[in-house]
Amino acid sequence: MSSKNKTTWFCSSCGCESSKWMGRCPSCGEWNTMVEAPSESSRGASRHNASSESAPRRLSEIDYAGEQRILLSNPELDRILGGGIVPGSLVLLAGEPGIGKSTMSLQIPLQAADLKTLYVSGEESARQVKMRAERLGGDVSGCIIYCETSIDSIISQAQKIQPSLMIVDSVQTMYCEAVESTAGSVSQIKEVTSRLLRFAKESGVPVILIGHITKDGYIAGPKVLEHIVDVVLQFEGENRGSYRILRSIKNRFGSTSELAVFEMTGSGLRAVANPSELLVPMHGQGLSGTAVCAMLDGTRAFLFEVQALVSSAVYGTAQRSATGFDTRRLNMLLAVLEKRAGFRLGAKDVFLNMAGGLKISDPACDLAVIAAILSSNFDYCIPSDVCFAAEVGLSGEIRPVSQTDRRIVEASRLGFRKIYISGFSQKLEKVEGIEQIRVADVAELVKKLFG
Ligand code: TYD
Ligand code: MG
């Protein structure tokens, strides 16, 4: 508690917290942005968390008859929440403007009509929401709409209505009279969220709070909130594409880095139950520069396509660009190919793209990246029933990755016949229908793949 109370300053630009005032924010480098935090409320909220459980007790005395969850009638959303939403929890639904936050949150009451949902909109009028609801289809009978931006009014209404779920769209439009700055400022966002947290904990009503994040991925507002809320779900994906990835990046009641894929259609977001189907090649055979990776995200294995384009640099210096993949990692892999396997890629442009607008951080993707680059470089197609799952080390060695067995099973289930894995993997069970090809270094990969 004492260490928490010390935090009294934060940057009004990026939300970085500090125990003392500073002229320049150490996180974003802006000058004169440190302001005093309205810390009373956040303290109030955390005090409340512990209120009824303040005395030390034996664990055996604690009543616990399994965790209660409220199902939102959206299997994919329920799954990434950890099996439904927990009563009294505060869930932040974050993403860029236009990505589908309002759509997804309005689809909840329309699909789960048995839930009495209070849908609070500070962004749209009741008629606009109705219009959208008609477009989405579904049962509107369980949904109560309230267009308001004063958090005090919202909470007092919610206390009267006692909904089974409350949705607030969006944190940036809400304000609290006790705080002087304008709606959307960091102090307002913090205060509004703390109030909603307190309301959720006191009433047991789960609250879904929508927060916008900016294009560069820097979450000015919501970043500050990640510490306050129980669950953070974040939308990713290219706005122009129709696929949206919803990721859980924080979850007090379930595993993180769970992922669900949705497709934005004319009538709202549709869950894509098997993401591999849309992320693996759609062109059949005959295209060089593509390789399929068997990746793991959270608890789920799926396959997706890595695309590379290698061409002679037109201008002086070679370009390296990666979408959905760390550019530094790409440069490292190119250096490995150059130094350990003797490929001259220094004078080549290399472009890398992860299918479906996915952002990849699974190291198992390395081998597919290298395979895609080599395939494009040699203009040699990798057969469409081949996939990859291994990490590449600095000395060109191919290293095992976690849960290789699950990746193999998933690959086999999707009709892949060969999977390249690390030669250093422990002994793995044979899986029906798929051959495991072990490679120890890049040279061996080239020999076995392009023979
Ligand atoms: P929206 O949910 O309003 O985004 P956010 O709340 O995250 O800002 O989604 C807006 C986009 O989705 C908009 O470009 C229109 C599109 N859309 C559809 O394609 N189909 C639909 O059924 C709906 C409701 C929206
Ligand atoms: Mg919206």
Side-chain angles (χ1 to χ4, degrees), residues 72-74 76-77 80-81 90-113 117-140 142-149 151 154 165-175 183-184 188-189 192-193 196 207-223 225-226 229 231-249 259-272 278 356-357 359:
L72 302 177
S73 300
N74 180 333
E76 286 295 281
L77 184 59
I80 66 167
L81 282 166
L90 179 58
V91 176
L92 176 69
L93 181 60
E96 287 167 23
I99 201 152
K101 302 179 295 298
S102 303
T103 306
M104 161 142 290
S105 56
L106 186 58
Q107 278 182 283
I108 297 169
L110 300 180
Q111 286 165 347
T117 306
L118 178 60
Y119 187 95
V120 182
S121 180
E123 305 217 328
E124 284 149 296
S125 68
R127 287 183 55 198
Q128 279 174 304
V129 176
K130 179 73 194 267
M131 225 164 74
R132 188 188 295 236
E134 304 251 290
R135 180 168 168 190
L136 295 172
D139 188 346
V140 293
C143 185
I144 303 163
I145 170 92
Y146 184 34
C147 295
E148 178 56 65
T149 52
I151 199 70
I154 291 166
L165 171 70
M166 175 152 92
I167 296 167
V168 179
D169 186 3
S170 63
V171 65
Q172 275 88 358
T173 54
M174 300 295 152
Y175 74 96
Q188 280 289 6
I189 284 177
V192 164
T193 311
L196 287 171
V207 177
I208 298 177
L209 178 62
I210 290 171
H212 295 292
I213 60 174
T214 51
K215 186 80 193 163
D216 52 16
Y218 197 73
I219 326 178
K223 200 80 196 163
L225 308 184
E226 280 181 22
V229 301
V231 178
V232 181
L233 302 184
Q234 192 169 318
F235 263 117
E236 288 171 10
E238 297 286 316
N239 260 344
R240 56 198 157 81
S242 60
Y243 294 109
R244 304 282 185 269
I245 287 139
L246 189 64
R247 215 186 262 281
S248 106
I249 50 180
L259 171 154
V261 181
F262 292 90
E263 184 187 6
M264 182 62 95
T265 68
S267 54
L269 287 159
R270 184 187 67 85
V272 178
L278 68 103
K359 285 196 186 96

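Counting convention: from 1, in listed order, for ligands and their atoms alike.
The nearest pair of heavy atoms linking Val272 to Phe262 is CG2-C, 4.2 Å. In terms of heavy-atom proximity, Gly211 sits nearest to Val171 at CA-CG1, 3.8 Å.
Nearest protein heavy-atom contact of atom 13 (C) of ligand 1 is Gly98 O, 4.6 Å. In this structure, the protein non-hydrogen atom closest to atom 3 (O) of ligand 1 is Arg132 NH1, 3.0 Å. Counting protein heavy atoms only, atom 4 (O) of ligand 1 is closest to Gly100 N, 3.1 Å. The protein non-hydrogen atom at the shortest distance from atom 15 (C) of ligand 1 is Arg135 NH2, 5.0 Å. If you check which protein heavy atom lies closest to atom 12 (O) of ligand 1, you get Met264 CE, 3.2 Å. Closest to atom 22 (O) of ligand 1 among all protein heavy atoms lies Gly268 N, 2.7 Å. The nearest protein atom to atom 20 (N) of ligand 1, hydrogens excluded, is given as Thr265 O, 2.8 Å; this is a heavy-atom distance.
For the 3.5 Å distance criterion, the side chains of Ser102 and Arg132 fail to qualify, holding no donor opposite an acceptor.
At least one donor-acceptor pair under 3.5 Å links the side chain of Arg244 to the backbone N or O of Ile99.
Protein atoms of type N, O or S found under 2.8 Å from the Mg ion (ligand 2) total 1.
Of the listed options Thr103, Ile99, Leu106, Thr103 places a heavy atom closest to atom 2 (O) of ligand 1. Residue nearest to atom 6 (O) of ligand 1, selected from Ala133, Gly95, Ser102: Ser102 (by heavy-atom distance).
Listed by chain and number, the residues in a side-chain hydrogen bond (donor to acceptor under 3.5 Å, both in side chains) with Ser125 are Gln128 (sequence neighbours excluded).
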